[in-house]
Each structure stands twice: as structure tokens, then as C-alpha cells.
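Below: the structure, in C-alpha cells.
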Amino acid sequence: MKRTVILGALMAAGFSAGAASAATLDDVKARGKLNCGVATGVPGFASPDASGEWQGFDVSVCRAVAAATLGDPMAVEFVPTTGKTRFTALASGEIDMLARNTTWTFSRDVDLKFDFIGVNYYDGQGYMVPKELGVSSAKELDGATICIQTGTTTELNLADYFRVNGMSYEPVPIETNAEAQQQYLAGACDVYTTDASGLAATRATFEDPTAHVILPEIISKEPLGPLVRHGDNDWADIVRWSLNALIAAEEYGVTSANIDELLKGTDNPEINRLLGTEGNLGEMLGLDAEWAVRAIKANGNYGEIFARHIGEDTPIGLARGLNAQYRDGGILYAPPFR
């Protein structure tokens, strides 16, 4: 019943109103800014800084697309969305793309009529508990109260995990990461569950992060990435290849520090095609030759973005893991630029 209501709302918002244009690039250019949906606030991924300027790993994807299409990485209107509101905002045309730690699933791609354009973070769901509880495994959580964001795959995975393991739990529904943090620290729930990266981001904001433990079990696959509406393949290509440009740039050693030098020409045809000094890839996208150069200059390559916002030298402290380049033991790589 709940799923039927959600689908009905999305259809009414996106299609009855006719707001989902099939020429998104034209809309973005006419507006002079990209409307990008992000989380309401997840440190390291998407949150406003002290001056109110949005920063983070997901935010950087929005800025790369704005740079590629508008020539200005700051020409972005960030629209905070919750697990419940994000899909309606995209379907209705309120936002042009969603870059909000959203898991690529069959039903979201096919049934909700969205196009996931790639994965910018390979993740999995985990559990965080206060160290004082003395819990060392998720198998010890029978009867626990658990803070869980509604309208997410996390909610469904939690139910599956406890069912498979013959355990019970009491859900404490919340809508935003900030609300989850407040409820968890107040003792309203014994456990907070979400993507492991989100747990690390949340724990990093605590007064004493060492007083909280992220349990070893990862109970799901959570390929997180940007998405757009069905029906505008040209726009999907632009968002997809802007993300791929960031990933490929790291693989080829193109950085924010050396990109201007590489623009003078290299002996590597793949780098030359990526940077637009050879071939006509920009023309194929309906953009100019230096679209990828601007996307990379906006924040640096994928590795630079990762290290700056969520890497091991940040309070979030995430290792590259699966998100390392394929040559470095991860599963990350971009399709060929040719």
C-alpha cells in the first residue's frame, strides 16, 4: 500500500504536471544554474559550511556538472532532500539531478522511471552502537531499538537481516541524519543503522567519537550514485560522463595541479581526448571541447575529491577500499574516452 502511494505521488508530480522537461540542458542554461538535490546534511558528503556554502563529496559531483555545462562550478542551487522527498523532487522537475547518497536498485531505476548514471561510492549498510553497551556483533542486537531513516533501502535491509537471523527489533523512525544523530545520542535508540560511510560521517561529529563502535557486519550492497529522470538521454549522458571524467582523470594522473600543463598536449591519446585537445567528444555531448577540463578543475579528480572530503586524513577517515581505482585493488574505473 505504501509503495502504491509513493508511486502515485511521483507520477502526479512528474508526469501529470508535465514539469519533467525532455530538454534539461536547455532549462539549465536558460536558468543560469543547476538545481541539484542533496542530503539535508551529511558531513563530508553534503553539508553547508560556516558561511553557508555547500561542501562535500556528493556536492562536488553537482559542481562538476555545473562547470561542464555552465562554465561555473558555483552556479548550483542546492536543494536539501530527505529519503521521502528526494524522488518526488526529481520526478517533478524541482531538481535537474539528485546527488544524495542514493542506492541504485532495480525498482528505482525501472519502476520509478529514473536513470542512475554511475556509482560514485560503493558502500554497504552497517550498525553503530555506544561502546558502553559491550556489543561486538550485529548478531547480538536481538530486541534492540534502532534508529532508521524512513523511505530508504536501509529500512528494508534492516527488516531482511533481522528476519533471516531470527531476531526482533523496535524501529525508531527518523527522516534526516541530524534527527537520527539527536535521537541516538539522547538514548532514544540503542543502534543507528545506515550506510557505513554515513555512520563514519555521523560519528566524526560526536564530542567523543571513540565512545561509539561501528560493528563489523556489512549487511548489504549499496552502490551510491547520481540519478536523473528517464526521458532525456542527452542530459543523462552529460551527467554520466562528467562523473566518468573525474574517475578517468585520476586513473590517467590528471590533477588540478597539472591539468593546465597537460592541456599543451601529451603523448597519451586518451588524456588528449579527455581534455579535448584531440577528437570531438565535447561536440558529441552538445558541449564545447573543454567541458571535462572544467569538470576536473572544479574540484580536482575523483581521488582529490575523496581525499579532501572523506579520506583517511579527514575526520570521516574512510579508506578507499572498493572505491580505489581498479589498478589499486578497488572496482572503480570509467569506460574508455574514445
Exercise for the section: Taking ring-ring contact (aromatic ring centres under 6.0 Å, His included) as the test, write out the residues that go with His212, two or more places apart. Expected result: Tyr184, Phe206
Problem - Non-neighbouring partners of Trp291 that pass ring-ring contact (aromatic ring centres under 6.0 Å, His included), sequence neighbours left out - result: none
Handout entry: The single option from Leu287, Asn280, Leu281 passing side-chain contact (heavy atoms from CB on, under 4.5 Å) against Glu283
Key = Asn280
Problem - Counterpart residues, side-chain contact (heavy atoms from CB on, under 4.5 Å), relative to Thr314 (two or more places apart) - result: Ile316
Exercise for the section: Please answer: with hydrophobic residues joined when any side-chain heavy atoms are less than 4.5 Å apart, are Ile218 and Leu322 in the same cluster? Expected result: no
Practice task
Say whether Ile310 and Ile331 are linked into one hydrophobic cluster, either directly or through other cluster members, by side-chain heavy-atom distances under 4.5 angstrom.
Solution key: yes
Problem - Side-chain ion pair, Arg240 and Asp115, N-O less than 4.0 Å - result: no
Practice task
Answer with yes or no whether the hydrophobic clustering places Ile247 together with Leu318; edges join I, L, V, M, F, W, Y residues whose side-chain heavy atoms lie under 4.5 Å apart.
Solution key: yes
Problem - ILVMFWY cluster, Met128 and Val42 together (side-chain gap under 4.5 Å) - result: no
Practice task
May I ask whether Ile259 and Leu243 are part of the same hydrophobic cluster, defined by side-chain heavy atoms of I, L, V, M, F, W, Y residues being less than 4.5 angstrom apart, directly or through others?
Solution key: yes
Handout entry: Set of residues satisfying ring-ring contact (aromatic ring centres under 6.0 Å, His included) with respect to Phe57, sequence neighbours excluded
Key = Phe45, Tyr302, Phe306
Exercise for the section: Would you mind telling me which of Leu285, Val65, Ile117, Asp237 makes a side-chain contact (heavy atoms from CB on, under 4.5 Å) with Ser242? Expected result: Val65
Practice task
Taking only Lys NZ, Arg NE, NH1 and NH2, and the carboxylate oxygens of Asp or Glu, determine whether Lys131 and Asp208 approach each other closer than 4.0 Å.
Solution key: no
Handout entry: Salt-bridge criterion met for Glu304 and Lys297 (N-O under 4.0 Å)
Key = no
Exercise for the section: Say whether, by atom type as modelled, one donor and one acceptor occur between the side chain of Asp190 and the main chain of Thr145 under 3.5 angstrom. Expected result: yes
Practice task
Verify, without hydrogens or angle tests, whether Asp58 (side chain) and Arg100 (backbone) share a donor-acceptor contact under 3.5 angstrom.
Solution key: no
Problem - Contact summary for Thr277 and Leu263, nearest pair of heavy atoms - result: CG2-O, 3.4 Å
Problem - Connected hydrophobic set around Ile148, excluding itself, where side chains approach under 4.5 Å - result: Tyr127, Val129, Leu133, Val135, Leu141, Ile146, Leu158, Tyr161, Phe162, Met167, Tyr169, Val191, Val213, Leu215, Ile219
Problem - Counterpart residues, salt bridge (Lys or Arg N to Asp or Glu O under 4.0 Å), relative to Asp160 (two or more places apart) - result: none
Practice task
Go through the steps to decide whether Ser137 and Glu217 satisfy the test side-chain hydrogen bond (donor to acceptor under 3.5 Å, both in side chains), and finish with yes or no.
Solution key: CA-CA 7 Å; Ser137 168; Glu217 288 87 355; 2.5 Å; yes
Handout entry: Carboxylate-amine/guanidinium proximity below 4.0 Å for Arg31 and Asp96
Key = yes
